[in-house]
Amino acid sequence: MFRSGALRRPRKQNVTTPSEKPQAAAVPLRSTAPRTAVAAVVDGREVDLSEVAPEGAEVRFLTPAEPDGLHVFRHSSAHLLAAAVKDLYPHARYGVGPPITDGYYYDFETAEPFSAEDLARIEKRMKQLVKQRLPFQREILPKEEAIRIFREQGERLKVELVEEKGGEQVSCYRVGQFFDFCEGPHVPHTGVIRALKVLSSSNAYWKGDARGIPMQRIYATSFPDRKQLARHLRRLEEAKRRDHRRIGRLQRLFLILEEAPGQVVWLPAGMGIVNRLLEWMRGKLDRRGYQEIRTPLILNESVWARSGHLDHYRENMYFVEGGDQGYGVKPMNCPGAAMVFRSDVRSFRDLPLRLSEFGLCHRFEPSGVLSGLTRVRAFTQDDAHIYCRLDQVKAEVLDLMDLVAEVYEAFGFSDLQVELSTRPGKSVGTDESWEAAESALLEALTESDATHVLNPGDGAFYGPKIDFHVRDALGRTHQCATIQVDFSQAEAFDLSYATPEGARERPVVIHRAILGSVERFFALLTEHTGGAFPTWLAPIQVAVIPIADRHREAAAALAGRLRDQGFRVDLDDRREKMGYKIRHAEVRRVPFMVVLGDREIASGALSVRTRGRKGARPRSEADFTARLAELVASQAVSP
RNA sequence: GCCCACGUGGCUCAGUGGUAGAGCACUUCCUUGGUAAGGAAGGGGUCACCGGUUCAAUCCCGGUCGUGGGCUCCA
């Protein structure tokens with residue numbers, strides 16, 4: 001518990017609560033707020049409902065139904081979490097506790113990490129505090145006073161924060177016995193946090209500095225009602241169910257060997273999907289004037305010295321020796337592409353030169369960040385380098401945006417978020433070229449009607465870029481496609497082309513990946529579809545299931561006919577019950593199951609079951625194959 | 001890389017200081033069955049690896065490797 005001195009309220013004369021201001025004759029916002037409001041925006045400033053709006057002020061109320069309101073709600077929940085932790089573990093010093101996507105966390109400095117039992121206790125305590133409907137009370141006090149209080153309480157982290165961030169007057173909040181440095185606003189009382197769940201704990205560092213103070217972070221979430229919480233928890237379950245590592249195991253798509261951490265072993269089923277995916281991409285690239293190349297996996301160190309990787313990327317690279325020469329394993333495909341460009345005399349007539357490469361890149365990632373197919377040490381980039389003039393950038397980017405949309409829509413990803421990142425502090429290239437490139441990107445974005453977010457100063461040192469984030473079936477976003485302008489490569493590799501006047505000029509390079517890493521895209525697609533791959537990609541498209549031994553011959557004949565038409569068919573003629581085989585196919589998410597028994601043989605029709613749908617419908621073989629062919633040809637998203 | 005947890009048959013996981021179990025999967029036999037698991041029998045594990053403590057280690061301790069979650073979305 002807090003020592004008594006710390007508990008004492010700051011003396012009255014030091015406190016300026018809004019209600020004590022002269023204009024306090026007016027009524028607090030709360031009295032006119034809708035029931036679900038958690039805070040208000042008065043003239044653009046977020047405030048507590050206990051505050052009073054000045055005459056004629058513009059007032060808007062925030063509810064958890066909107067992002068800003070939910071933010072306040074979760075922020076208050078974080079305070080509640082810290083309050084519970086301080087009740088139960090008085091020695092835990094509290095750090096920071098912001099709301100995050102889907103919840104909030106709070107960091108504590110403790111000797112011992114929190115166990116699962118601790119988390120359960122904390123959740124229980126939080127719920128007790130909710131029942132008490134404790135008010136969130138704002139207190140404004142002088143900086144020195146706040147520092148004194150936190151120092152008395154032994155909260156050295158808070159002292160540090162107040163010293164760093166506090167103005168002359170410092171805003172703090174009290175909820176029950178818990179007192180925290182915080183700008184607010186907050187919900188009126190803990191009672192509104194009706195549904196909460198403590199999720200997990202893990203390690204973090206004070207201010208994110210791995211050399212700094214280790215902290216124990218507790219993740220939790222909260223909602224204004226239990227239904228929403230239940231829905232969220234169901235979604236978490238669903239995410240687990242769709243985990244590409246689980247499905248990869250179940251459907252025998254890929255392996256990751258202990259002997260080769262961070263690298264993927266593609267099994268036949270997964271390899272087939274990847275191959276079909278890449279063939280499909282190749283078709284698109286052909287039509288858009290790309291020329292595919294393949295460059296060496298390992299290149300002499302001199303190349304990496306020239307490209308700058310040796311200076312800036314060394315710790316992420318693998319090196320090998322051959323003879324007395326040192327070689328670097330490529331972490332990116334750019335130098336190879338640059339050498340292809342340089343291998344011939346280029347003229348302005350050759351531009352834009354679009355060189356694509358499905359290049360296998362190796363990057364030494366720290367062991368702690370590896371994860372399934374999403375964070376690996378070896379991956380295939382669906383890369384391309386477009387060599388063009390600065391004035392061609394816009395047209396190329398427009399074409400790329402079109403390609404990105406086309407590719408992602410084909411898999412049912414309709415929600416693409418676009419980010420434009422501009423020149424960072426440290427960068428190469430002239431002011432004029434940056435300006436031209438940035439405006440080319442911006443114009444392309446505008447013309448393609450893409451709503452985008454601006455990330456000023458977040459571009460690469462060699463040029464501005466556009467990143468794409470896709471939203472999957474569970475509402476999670478993933479960074480995939482990227483378009484980057486590069487002013488550095490042409491210089492580093494002395495690339496040039498002949499202008500109409502016969503002069504030599506440096507081309508601008510556009511790097512771009514559409515799928516990003518093929519491995520990561522595969523993971524995304526697996527989780528997005530829950531393993532129910534669209535028919536054109538599915539490892540097995542049809543499971544042919546004979547009912548009894550006497551139907552095996554007809555089933556084999558049918559399977560043969562389907563295979564002759566190019567379909568991928570599994571003939572399940574094991575001596576098992578039909579229901580068992582149906583289940584087998586359903587679990588593997590085979591798009592179609594065709595059951596063959598006496599009835600089918602007599603009628604000549606097929607009984608076709610579609611995955612995920614109970615029962616079967618009769619269909620003529622011709623209809624069925626026509627339907628299959630159509631699904632494949634159109635690359636239908638479902639089934 | 002750092003912190004925490006975990007590593008037991010192909011998979012999911014139980015378990016104990018006295019050289020190990022379940023379900024699924026697999027094999028064989030019986031069953032010939034109408035849209036998500038028929039029955040029986042059987043095979044399969046140096047309990048991740050290396051070292052230590054102990055009469056005895058899968059279990060306790062240390063190390064290594066691997067896996068998982070996390071490592072600021074800034075009061």
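Protein chains get the first letters and strands the later ones, always in sequence-line order, with residue 1 at the start of each. Small disclaimer: the values here were computed from a predicted structure and weren't measured.
Checked against A:E238 for a salt bridge (Lys or Arg N to Asp or Glu O under 4.0 Å), the options A:R235, A:R234, A:R242 give a single hit: A:R242. Considering A:R252, A:R245, A:Q251 in turn, A:R252 is the only one that fulfils the side-chain contact (heavy atoms from CB on, under 4.5 Å) rule with A:R249.
Comparing atom distances between the A:N203 side chain and each of B:rU67, B:rC2, B:rG38 picks out B:rC2 as nearest. The nucleotide whose nearest atom lies closest to any side-chain atom of A:R574 is, among B:rG38, B:rG34, B:rC26, B:rC26. With B:rC73, B:rA36, B:rG1 as the choices, the nucleotide that has an atom nearest any side-chain atom of A:V369 turns out to be B:rG1. Checked against B:rG10, B:rC71, B:rU35, the side chain of A:R249 finds its nearest nucleotide in B:rG10.
Of the side-chain N and O atoms in A:R599, none sit less than 4.0 angstrom from OP1 or OP2 of B:rG34. Contact annotation: A:Y219 side-chain N/O to B:rC71 OP1/OP2 distance is under 4.0 Å. Put simply, A:R588 has no side-chain N or O that comes within less than 4.0 Å of OP1 or OP2 on B:rA25. Remark: A:S371 is in phosphate contact with B:rG69, judged by side-chain N or O atoms under 4.0 Å from OP1 or OP2. At B:rA25, one or more side-chain N or O atoms of A:Y580 fall inside 4.0 Å of OP1 or OP2 (strictly under the cut-off). Residue A:R245 places at least one side-chain N or O under 4.0 Å from the OP1 or OP2 atom of B:rG69. For A:S202, no side-chain nitrogen or oxygen approaches OP1 or OP2 of B:rC71 to under 4.0 Å.
Computed from coordinates, the A:K581 NZ to B:rU35 P distance equals 14 Å when rounded to whole Å. Between the NE2 atom of A:H584 and the P atom of B:rU35 there is a distance of 19 Å, rounded to whole Å. The distance from atom CD of A:E258 to atom C1' of B:rG7 is 8 Å, rounded to the nearest whole Å. In this entry the distance linking CZ of A:F114 with P of B:rC3 reads 18 Å, nearest Å. Residue A:L257 contributes atom CG, which lies 10 Å from atom P of B:rU67 at whole-angstrom precision. One can place OH of A:Y105 at 20 Å from P of B:rC3, the figure rounded to the nearest angstrom. For the pair A:R246 CZ and B:rG68 P, the interatomic distance rounds to 16 Å; values are reported in whole Å. Rounded to a whole Å, the CG atom of A:L370 is 11 Å from the P atom of B:rG69.
Nucleic acid contact class of A:P98 (heavy atoms, under 4.0 Å, all strands): none. Using a 4.0 Å heavy-atom cutoff across all strands shown, A:D180 reaches no nucleic acid atom at all. Across all strands shown, A:G597 has heavy atoms under 4.0 Å from base atoms, whether or not it also approaches the sugar-phosphate. Within 4.0 Å of A:V162, counting heavy atoms only, lies no atom of the nucleic acid at all. Heavy atoms of A:L161 sit nowhere under 4.0 angstrom from any nucleic acid atom. Looking at heavy-atom distances under 4.0 Å, A:E315 makes no contact with the nucleic acid at all. Heavy atoms of A:G372 sit under 4.0 angstrom from primed sugar atoms or phosphate atoms, though from no base atom.
With hydrogens and angles ignored, a donor-acceptor pair closer than 3.5 Å exists between the side chain of A:R609 and the base of B:rA36. Taking 3.5 Å as the limit, the base of B:rC2 and the side chain of A:Y205 contain a donor-acceptor pair of atoms between them. For B:rC73, its base sits under 3.5 Å from the side chain of A:T101 at one donor and acceptor pair at least.
With both pairing distances under 3.5 Å, B:rU67 is matched to B:rA5 as a Watson-Crick or G-U wobble pair. Figure legend. B:rU16 is base-paired to no nucleotide; pairs are counted as Watson-Crick or G-U wobble with both atom distances under 3.5 Å. The partner of B:rG44, taking Watson-Crick or G-U wobble pairs whose two distances both stay under 3.5 Å, does not exist in any strand shown. For B:rG34, there is no paired nucleotide, since no Watson-Crick or G-U wobble pair has both relevant distances below 3.5 Å. Pairing for B:rG23 is with B:rC11, a Watson-Crick or G-U wobble pair whose two hydrogen-bonding atom distances lie under 3.5 Å. Look at B:rU54: it lacks any Watson-Crick or wobble partner with both distances under 3.5 angstrom.
Remark: the separation of the P atoms in B:rA20 and B:rA48 is 14 Å, to the nearest Å. Separating the P atom of B:rG15 from that of B:rU72 is a span of 35 Å, rounded to the nearest Å. Spacing of P atoms, B:rA37 relative to B:rC24, comes out at 13 Å, to the nearest Å. A gap of 23 Å separates the P atoms of B:rG33 and B:rU27, to the nearest Å. With P as the reference atom, B:rA40 and B:rC59 are 36 Å apart, rounded to whole Å. Comparing B:rU53 with B:rG69, their P atoms sit 37 Å apart, to the nearest whole Å. Separation of the P atoms belonging to B:rG68 and B:rU8 is 14 Å when rounded to the nearest angstrom. Nucleotides B:rG51 and B:rA14, compared at atom P, are 28 Å apart to the nearest Å.
Ring geometry for A:H75 against A:H186 counts as tilted: the plane angle lies between 30° and 60°, on a 0 to 90° scale.
A:R314 and A:F319 get closest at one heavy-atom pair: O-CE1, 3.8 Å.
Two residues, A:G262 and A:R583, neighbour RNA chain B, and the one matched to the more 5' nucleotide by heavy-atom proximity is A:R583. In this structure, A:D549 and A:D243 both approach RNA chain B, and ranking their closest nucleotides by distance from the 5' end singles out A:D549.
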So A:S607 and A:E600, side-chain hydrogen bond (donor to acceptor under 3.5 Å, both in side chains) or not? Walk me through it. CA-CA 7 Å; A:S607 287; A:E600 288 73 20; 2.5 Å; yes

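Ring to ring, A:Y89 and A:F108 are not that close: their centroids are 6.0 angstrom or more apart.
At least one test fails for A:R619 against the ring of A:F624: distance under 6.0 Å to the centre or angle within 45° of the axis. For the pair A:R363 and A:Y318, the cation does not sit on the ring face, since its NZ or CZ is not both under 6.0 Å from the ring centre and inside 45° of the axis.
Using a 4.5 Å heavy-atom threshold, the side chains of A:L524 and A:R520 count as separate.
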